[in-house]
Amino acid sequence: MPLDCTSAFYEENAETYAKRARSLPKQLDAFLAGLAPGAAILELGCGGGQDSAYMLARGFDVTPTDGSTELARQAEALIGRPVRVMLFQELDADSAFDGVWAHASLLHVPRPELPDVFTRIRRALRTGGIIHASFKAGDAEGHDGFGRYYNYPSAEWLSELLTKGDWRNITIGESDGSGYDGKPTRWLRVSAQR
């Protein structure tokens, strides 16, 4: 996590956050459908581990990571395997994954650091590999009621960033929903290919 308040929130609320009632993201099956059976997937920001558990149960080779030590412990308890504690800015893999699942996680990366993080993700993917990421839409950086930092990008801003980063087949969808805070949220769902 990039900012102290964001890190502190996840460390202090890890158990409550990890064990909250949560449906699997609707985009998860579509993401998996774009991959070969048993494909190698990197999950960035696995939270409580529910998405990793689902992908593992479907037979995929999943590497779960999270920036919070406490959330990683919660995820390990659920999925029964180690979770690497790692900030997005520390990703240093090279052509190691077929897919990167970053659902509601990259939205905490400070805007000036997002181009480098996307470059690191692109490098970590094999040629033709795909990414899914989701963001809370907006037009300026800010914090929520819990003090967590969000980059709040627009679809246009994200599209330009990914295009400059040499991503292909960029798709950005929008939908209404909510987040952990229960407030109405406009979500951006990004998929792109290396």
Side-chain angles (χ1 to χ4, degrees), residues 1-3 6-7 9-11 14 17-18 22 24-32 34-35 39-56 58 60-76 78-79 81-126 128-136 148-153 158 161-162 165 167 170-172 179-180 187-194:
M1 298 299 130
L3 303 174
T6 306
S7 298
F9 171 83
Y10 289 112
E11 290 298 323
Y17 185 82
R22 174 184 178 268
L24 288 171
K26 293 178 183 139
Q27 302 81 29
L28 186 49
D29 282 328
F31 169 76
L32 296 176
L35 296 168
I41 299 171
L42 172 65
E43 183 173 10
L44 293 173
C46 71
Q50 296 92 340
D51 296 359
S52 278
Y54 180 76
M55 292 186 279
L56 286 164
R58 296 273 314 271
F60 290 93
D61 176 15
V62 182
T63 302
T65 68
D66 202 274
S68 162
T69 303
E70 291 303 317
L71 269 178
R73 281 197 191 115
Q74 294 293 322
E76 285 173 349
L78 177 69
I79 64 177
R81 65 168 52 193
V83 172
R84 181 175 172 196
V85 178
M86 177 191 82
L87 299 178
F88 309 124
Q89 296 86 341
E90 297 170 330
L91 177 61
D92 60 0
D94 190 357
S95 300
F97 302 99
D98 303 299
V100 171
W101 179 256
H103 189 75
S105 60
L106 299 179
L107 41 64
H108 292 309
V109 177
R111 280 189 179 204
E113 296 176 28
L114 210 47
D116 176 63
V117 168
F118 269 113
T119 296
R120 289 172 178 274
I121 292 168
R122 191 171 178 280
R123 189 180 317 121
L125 284 167
R126 297 181 177 119
I130 57 174
I131 181 175
H132 161 87
S134 57
F135 296 83
K136 291 185 177 187
R148 298 178 296 175
Y149 166 88
Y150 286 89
N151 46 37
Y152 293 122
L158 274 176
L161 174 70
L162 292 165
W167 289 89
I170 301 164
T171 304
I172 301 177
Y180 181 74
W187 285 94
L188 301 176
R189 299 176 318 280
V190 178
S191 65
Q193 187 173 35
R194 174 177 173 175

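- The minimum heavy-atom distance linking Cys46 with Asp66 is given by the pair N-OD2, 3.2 Å.
- Of all heavy-atom pairs between Gly45 and Phe88, the closest is N-CE2, 4.0 Å.
- Using the six-membered ring where Trp is involved, Trp101 and Phe31 have ring planes that are tilted, between 30° and 60° apart.
- Distance alone, capped at 3.5 Å, places no donor-acceptor pair between the Glu70 side chain and the Tyr10 backbone.
- Here the side chain of Glu113 pairs no donor or acceptor atom with the backbone of Pro110 at under 3.5 angstrom.
- Remark: the backbone N or O of Arg194 is not paired with any side-chain donor or acceptor of Arg122 at under 3.5 angstrom.
- Of the possible donor and acceptor atoms, one in the side chain of Gln50 sits under 3.5 Å from a partner among the backbone N and O of Ala18.
- Atom CD1 of Ile131 sits about 7.5 Å away from atom CG of Leu162, to the nearest 0.5 Å.
- Ion pairing of Arg123 with Asp94 is absent here, as no side-chain N (NZ or NE/NH1/NH2) approaches a carboxylate O to less than 4.0 Å.
- Smallest separation of non-hydrogen atoms from Glu11 and Ser68: OE2-OG, 2.9 Å.
- Scanning both residues, Ala72 and Val85, for their nearest heavy atoms gives CB-CG2, 3.7 Å.
- Remark: side-chain polar atoms of Arg189 are not paired, donor with acceptor, to backbone N or O of Ala133 under 3.5 angstrom.
- No side-chain donor-acceptor contact under 3.5 Å links Arg73 to the backbone of Ala14.
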Please evaluate residues Asp51 and Leu24 with respect to the criterion side chain to side chain contact (heavy atoms under 4.5 Å, CB included), reporting the C-alpha separation (whole Å), side-chain torsions for both, the decisive distance (0.1 Å), and the verdict.
CA-CA 7 Å; Asp51 296 359; Leu24 288 171; 3.4 Å; yes

Just do the side chain to side chain contact (heavy atoms under 4.5 Å, CB included) check on Leu56 and Arg81 with the steps written out, would you?
CA-CA 10 Å; Leu56 286 164; Arg81 65 168 52 193; 3.5 Å; yes

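- Of the residues listed (Ile79, Ile41, Leu42, Leu78), the one engaging Pro64 in a side-chain contact (heavy atoms from CB on, under 4.5 Å) is Ile79, and it is the only one.
- How far CE of Met86 is from OG1 of Thr65: 4.0 Å, rounded to the nearest 0.5 Å.
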Evaluate the criterion side chain to side chain contact (heavy atoms under 4.5 Å, CB included) for residue pair Val190 and Leu106; output intermediate values, then yes/no.
CA-CA 11 Å; Val190 178; Leu106 299 179; over 6 Å; no

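- A donor-acceptor pair under 3.5 Å links the side-chain atoms of Arg120 to the main chain of Gln89, judged by distance alone.
- Taken to the nearest 0.5 Å, the NE2 atom of His108 stands 10.5 Å off from the OH atom of Tyr149.
- Looking only at distances, a side-chain donor or acceptor of Asn151 sits under 3.5 Å from a matching main-chain atom of Val109.
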Assess the residue pair Gln74 and Tyr17 against the criterion (side chain to side chain contact (heavy atoms under 4.5 Å, CB included)); give the C-alpha distance rounded to whole Å, side-chain angles, the decisive distance to 0.1 Å, and a yes or no.
CA-CA 9 Å; Gln74 294 293 322; Tyr17 185 82; over 6 Å; no

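- Taken from CE in Met55 to CG in Leu32, the straight-line distance is 6.5 Å, to the nearest 0.5 Å.
- Glu43 places a side-chain N or O within donor-acceptor distance of the main-chain N or O of Ser52, the cut-off being under 3.5 Å.
- For Phe135 against Leu107, the heavy-atom pair with the smallest separation is CD2-CA, 3.7 Å.
- For the pair Gln193 (side chain) and Gly128 (backbone), a donor-acceptor distance under 3.5 Å is present.
- Ring pair His132/His103 is parallel by interplanar angle, where below 30° counts as parallel and above 60° as perpendicular.
- Going from atom CD1 of Ile121 over to atom CZ of Phe118 covers 5.5 Å, rounded to the nearest 0.5 Å.
- In terms of heavy atoms, Leu161 sits closest to Pro115 at CD1-CG, 3.4 Å.
- Taking CZ of Phe97 as the reference point, atom CG of Leu44 lies at 8.5 Å (rounded to 0.5 Å).
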